[in-house]
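In what follows, a single structure is set out as structure tokens and then discussed.
All heavy atoms count here, side chains included; hydrogens, waters and symmetry mates do not. If you're wondering where the values come from, they're calculated on a predicted model, not measured in any experiment.
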Amino acid sequence: MTAPDAAGPSNFIKNIIEEDLKNGKNDGRVHTRFPPEPNGYLHIGHAKSICLNFGIAAEFNGLCNLRMDDTNPTKEEVEYVESIKQDVHWMGFDWQDRMYYASDYFERFYECAVDLIKKGRAYVCDLSPDEMRQYRGTLTEAGKESPYRSRPVEENLDLFERMRKGEFPDGSRTLRAKIDMASGNINMRDPVIYRILHAEHHMTGDRWCIYPMYDYAHCISDSIEGITHSICTLEFEDHRPLYDWFLDELGIYHPQQIEFARLNLTYTVMSKRKFIQLVTGGHVRGWDDPRMPTISGLRRRGYTPESVRSFCDRIGVAKAASTVDMALLEYCIREDLNRRAPRVMAVLRPLRVVITNYPENQTDELEAINNPEDPSAGTRKVPFSRVIYIEKEDFMEDPPKKFFRLSPGREVRLRYAYFITCVDVIKDERGEITEIHCTYDPATRGGDAPDGRKVKATLHWVSAAESIEAEVRLYDHLFIKPDPEEDEDRDFISNINPKSLEIVTDCRIEPGLAGAKHGSKYQFERLGYFCVDSDSSPGKPVFNRTVTLKDTWAKIQNAQK
RNA sequence: UGGGGCGUCGUCAAGCGGUAAGACACCAGGUUUUGGUCCUGGCAUUCGGGGGUUCGAAUCCUCCCGCCCCAGCCA
């Protein structure tokens with residue numbers, strides 16, 4: 001794995017930081033953080049945030065913390081913190097010794113709350129959740145003040161302490177900030193700071209039965225860690241006044257919150273809720289299904305950290321809601337794999353070819369280039385014999401215009417082998433082609449004709465006897481529509497692509513691929529990039545198609561339709 | 001009818017008063033033992049719309065239009 005590039009393209013956040021640096025703000029320090037909640041797996045939208053936060057730290061000689069935003073014990077699990085750590089590392093970033101948990105600061109949060117109460121800026125409220133909703137007002141109408149709003153400080157202190165001690169049941173009381181029930185910003189209408197939750201926390205166990213809310217915990221966590229630029233997504237823009245309010249009231253170090261637009265991608269969805277629907281509904285095989293835009297899914301699909309980082313650099317960072325074309329992600333992985341993936345020949349749908357003038361029981365070894373983009377990758381020997389397989393779609397008995405692969409009477413090249421000419425087509429009683437007969441020209445060994453004659457096509461192939469069997473999983477977009485959620489009154493599930501996964505079981509691959517390691521990546525010549533899936537077993541390799549090669553012929557075919 | 005944002009090529013996105021970068025996609029050629037890669041060229045007289053300021057506006061002012069987010073004791 002190569003290290004992340006030092007500097008990606010500029011964006012408005014970097015501009016702000018450069019300005020801050022110029023003005024000597026924070027003594028020239030730059031300190032960011034990536035703060036996921038450990039309640040699910042990371043996806044490519046998080047990758048954007050990871051690249052942004054860790055990337056900025058690296059570029060400005062600063063630091064980036066990894067912080068678990070674990071303030072809600074009912075949703076969080078250690079399983080997720082482990083997967084998050086793994087994914088961030090896989091992306092190529094390192095938080096060194098700065099792995100933090102918001103739950104590390106629970107005692108401090110409590111002290112701050114006491115401070116707010118003493119300052120008359122927080123109170124214990126006995127309203128039920130339902131009542132609180134009533135009192136909150138609506139988007140266009142101001143809320144009403146809680147009847148408990150003017151409780152004396154001493155009483156608030158006493159009640160809050162007893163909340164901590166566990167004297168009250170869940171939901172019976174909250175600690176609220178005393179701000180402004182008439183604010184146009186609903187977040188400022190006396191937001192809840194603490195709620196009672198008698199729940200086991202993955203880090204603190206049963207030490208607490210009151211837990212801080214996000215708005216309250218996040219800004220203080222940032223402050224404690226000395227974060228200079230607290231970067232988050234657009235939906236928190238409305239929360240910034242509250243972020244600022246807590247820090248100002250508390251009088252503690254005040255980081256700057258900056259919001260950017262979250263990533264959307266065509267032909268997929270990007271929320272935990274929807275992922276859960278896909279997984280539990282059996283539409284995909286799990287969080288790491290290669291069709292999922294999760295980091296674990298991309299990894300299993302064969303994406304490299306470099307390609308994901310390159311993607312994040314290319315999409316930019318701005319405030320306009322945007323949906324990036326999946327084609328860009330695919331471009332990024334092709335670009336990366338083109339220069340590093342060894343080439344290999346594999347036939348997905350084998351068509352038997354008998355070379356009638358080639359000696360029986362003879363096997364030749366032909367030299368093939370491992371990677372034309374990388375001479376240092378060297379060459380290998382590929383076995384050739386009288387019976388080979390070619391791709392079914394590379395032969396047409398009655399070819400349309402512009403099809404220049406094999407057909408009766410036509411001569412093509414077998415890559416690194418010989419020119420062959422189709423002389424006969426054998427069919428079964430149902431009229432299905434079972435095999436074709438060809439002749440080869442011994443003078444073209446290696447793939448060049450001494451007389452200089454040209455062929456219009458080069459086909460990949462494998463020797464029937466030496467090739468080994470493999471299963472190959474072909475993936476397509478998970479959804480049939482660029483925006484699966486475009487219909488508000490139609491469930492996105494109904495837009496799932498029924499052909500998003502095609503399993504092909506009788507593929508033939510060149511023998512050198514026996515024993516290929518999980519995760520190793522290859523280009524199957526003329527087909528695409530593939531990687532060895534973890535479902536592989538010793539005698540039975542399974543490959544995932546990461547992405548096809550660009551396919552001009554497919555484009556021509558579509559145009560002809 | 002409240003508050004907060006955003007509107008530059010099909011999709012992202014630079015641009016910060018001096019006369020529209022780049023990428024992907026797309027189109028047309030060239031090279032090619034992958035219809036891949038690579039190379040060359042094309043692709044916004046115009047910046048949501050109307051007024052205004054200015055010698056000069058995508059950039060400033062103003063009005064309008066459109067889109068996104070917010071009423072969890074979620075994050």
Item to complete: Please work out if Asp448(A) contacts a base, only the sugar-phosphate, or nothing of the nucleic acid, heavy-atom cut-off 4.0 Å.
Response: base
Worksheet entry | Verify stack between Trp553(A) ring and rG35(B) base, 5.5 Å, 30 degrees | yes
Fill in: Sugar-phosphate, base or nothing in reach of Thr140(A), heavy atoms under 4.0 Å
base
Worksheet item: If you check every side-chain atom of Val192(A), which of rG35(B), rC73(B), rC24(B) has the closest atom?
Response: rC73(B)
Discussion item. Minimum heavy-atom separation for Pro129(A) and Gly171(A), please, with both atom names.
Written reply: CD-O, 4.0 Å
Fill in: Atom pair OG1 (Thr71(A)) and OH (Tyr211(A)), whose distance is rounded to the nearest 0.5 Å
10.5 Å
Fill in: Check ion pair Arg453(A)-Glu411(A) (N to O, under 4.0 angstrom)
yes
Worksheet entry | Residues that Tyr529(A) engages under ring pair (Phe, Tyr, Trp, His ring centres under 6.0 Å), provided they are two or more places apart | none
Item to complete: Could you check which residues of residues 414-422 of chain A get a heavy atom under 4.0 Å from RNA chain B? Sort them by number, please.
Response: Arg415(A), Tyr416(A)
Item to complete: Using the C1' atom on both, measure rA20(B) against rU1(B) and round to a whole Å.
Response: 40 Å
Practice prompt. Would you name the heavy atoms of Tyr123(A) and Ala177(A) that are closest together and state the gap between them?
Written response: CE2-O, 3.9 Å
Worksheet item: At under 4.0 Å between heavy atoms, what does Asp238(A) touch on the DNA or RNA strands: base, sugar-phosphate, or nothing?
Response: base
Item to complete: Please state whether the phosphate of rU37(B), meaning OP1 or OP2, lies under 4.0 angstrom from any side-chain nitrogen or oxygen of Arg343(A).
Response: no
Worksheet item: Between Tyr214(A) and His218(A), how do the two ring planes meet: parallel, tilted or perpendicular, split at 30° and 60°?
Response: tilted
Worksheet entry | Any N/O donor-acceptor pair, Arg405(A) side-chain to rG35(B) base, under 3.5 Å | yes
Discussion item. If I pick the P atom on rA21(B) and the same atom on rC61(B), what distance separates them, to the nearest angstrom?
Written reply: 25 Å
Fill in: Shortest non-hydrogen contact between Pro191(A) and Ile179(A), atoms and distance
CD-CD1, 3.8 Å
Worksheet item: Nearest 0.5 Å, what's the CD-CZ distance between Gln523(A) and Arg343(A)?
Response: 4.0 Å
Practice prompt. Using both distances under 3.5 Å as the test, list the Watson-Crick or G-U wobble partner of rA25(B), or none.
Written response: none
Worksheet item: Phe404(A) near the nucleic acid: base, sugar-phosphate alone, or nothing, with a heavy-atom cut-off under 4.0 Å?
Response: base
Response to the item:
Ranking rC73(B), rG2(B), rU34(B) by distance to the side chain of Pro129(A), first place goes to rC73(B)
Worksheet item: Base, sugar-phosphate alone, or nothing: which one does Pro241(A) contact when heavy atoms must sit under 4.0 Å apart?
Response: nothing
Worksheet item: Could you run down nucleotides 5-12 of chain B 5' to 3' and tag each one B, S or - for protein heavy-atom contact under 4.0 Å?
Response: SS----SS
Worksheet entry | Contacts of Trp245(A) that satisfy ring pair (Phe, Tyr, Trp, His ring centres under 6.0 Å) - sequence neighbours left out | none
Worksheet, complete the sentence: When every non-hydrogen atom of Asn156(A) is compared with those of Ala122(A), the smallest separation belongs to ND2-O, 3.8 Å
Worksheet item: Between rC74(B) and Tyr214(A), is there an OP1 or OP2 to side-chain N/O distance shorter than 4.0 Å?
Response: no
Item to complete: Provide the closest heavy-atom pair for Leu348(A) versus Phe524(A) in the form atom of the first, atom of the second, distance.
Response: CD1-CD2, 4.3 Å
Worksheet item: Could you go step by step and tell me if Phe530(A) and Phe543(A) meet the ring-ring contact (aromatic ring centres under 6.0 Å, His included) rule?
Response: CA-CA 6 Å; Phe530(A) 296 74; Phe543(A) 286 86; 7.1 Å; no
Discussion item. By the 4.0 Å heavy-atom rule, please label Ile369(A) as base, sugar-phosphate, or nothing.
Written reply: nothing
Worksheet item: Counting just side-chain N and O atoms, does Arg133(A) come under 4.0 Å of either OP1 or OP2 of rG72(B)?
Response: yes
Fill in: For Thr552(A), side chain to side chain donor-acceptor pair (under 3.5 Å) partners two or more places apart
none
Worksheet item: Across the strands shown, which category fits Val455(A) at heavy-atom distances under 4.0 angstrom: base, sugar-phosphate, nothing?
Response: nothing
Fill in: Sequence-distant partners of His239(A), ring pair (Phe, Tyr, Trp, His ring centres under 6.0 Å), two or more places apart
Phe236(A)
Discussion item. Counting the atoms with a prime plus P, OP1 and OP2 as sugar-phosphate, which does Glu373(A) contact under 4.0 Å by heavy atoms, base, sugar-phosphate, or nothing?
Written reply: base
Discussion item. Run the ring pair (Phe, Tyr, Trp, His ring centres under 6.0 Å) test against Tyr194(A) and tell me which residues pass, sequence neighbours left out.
Written reply: Phe160(A), Tyr216(A)
Worksheet item: Contact class for Tyr135(A) vs. all strands (heavy atom < 4.0 Å): base, sugar-phosphate, or nothing?
Response: nothing
Worksheet item: Taking OP1 and OP2 of rG72(B), is either one under 4.0 Å from a side-chain nitrogen or oxygen of Arg136(A)?
Response: yes
Worksheet item: Side chain of Met213(A): nearest nucleotide among rC73(B), rA71(B), rU34(B)?
Response: rC73(B)
Discussion item. Heavy atoms only, 4.0 Å cut-off, all strands: where does His239(A) land among base, sugar-phosphate and nothing?
Written reply: base
Worksheet item: With a 4.0 Å cut-off on heavy atoms, is Phe236(A) in touch with a base, just the backbone sugar-phosphate, or nothing at all?
Response: base
Distances under 3.5 Å only, N/O to N/O: pair up the protein atoms with those of nucleotides 26-30 of chain B.
unit_1  : atom_1 : unit_2    : atom_2 : d
rC26(B) : OP1    : Lys555(A) : NZ     : 2.9

Worksheet item: Does rC67(B) pair with anything, Watson-Crick or G-U wobble, both distances under 3.5 Å, and if so, with which nucleotide?
Response: rG5(B)
Discussion item. Checking understanding here: a glycosidic angle within 90° of 0 is syn, the rest anti, so what is rG72(B)?
Written reply: syn
Worksheet item: Looking at RNA chain B, which of residues 522-529 of chain A put a heavy atom within less than 4.0 Å of it?
Response: Gln523(A), Glu525(A), Arg526(A)
Worksheet entry | Touch class at under 4.0 angstrom, heavy-atom based, for Asp215(A) against every strand present | nothing
Worksheet item: Under the 6.0 Å and 45° cation-pi test, does Arg164(A) pair with Tyr110(A)?
Response: yes
Discussion item. Using a 4.0 Å cut-off on heavy atoms, which residues in residues 183-191 of chain A reach RNA chain B? List them by number, or say none.
Written reply: Gly184(A), Asn185(A), Ile186(A)
Discussion item. Taking salt bridge (charged side-chain N to carboxylate O under 4.0 Å, His left out) as the cut-off, I'd like each qualifying pair that reaches into residues 121-131 of chain A, sequence neighbours left out, listed once.
Written reply: Arg121(A)-Glu249(A), Asp126(A)-Arg151(A), Asp126(A)-Arg173(A), Asp130(A)-Arg133(A)
Response to the item:
Testing rA75(B), rG35(B), rG15(B) for proximity to the side chain of Asn15(A), the answer is rG15(B)
Worksheet item: Taking only residues at least two apart or on different chains, which pairs with a member in residues 365-384 of chain A satisfy salt bridge (charged side-chain N to carboxylate O under 4.0 Å, His left out)?
Response: Arg380(A)-Glu510(A)
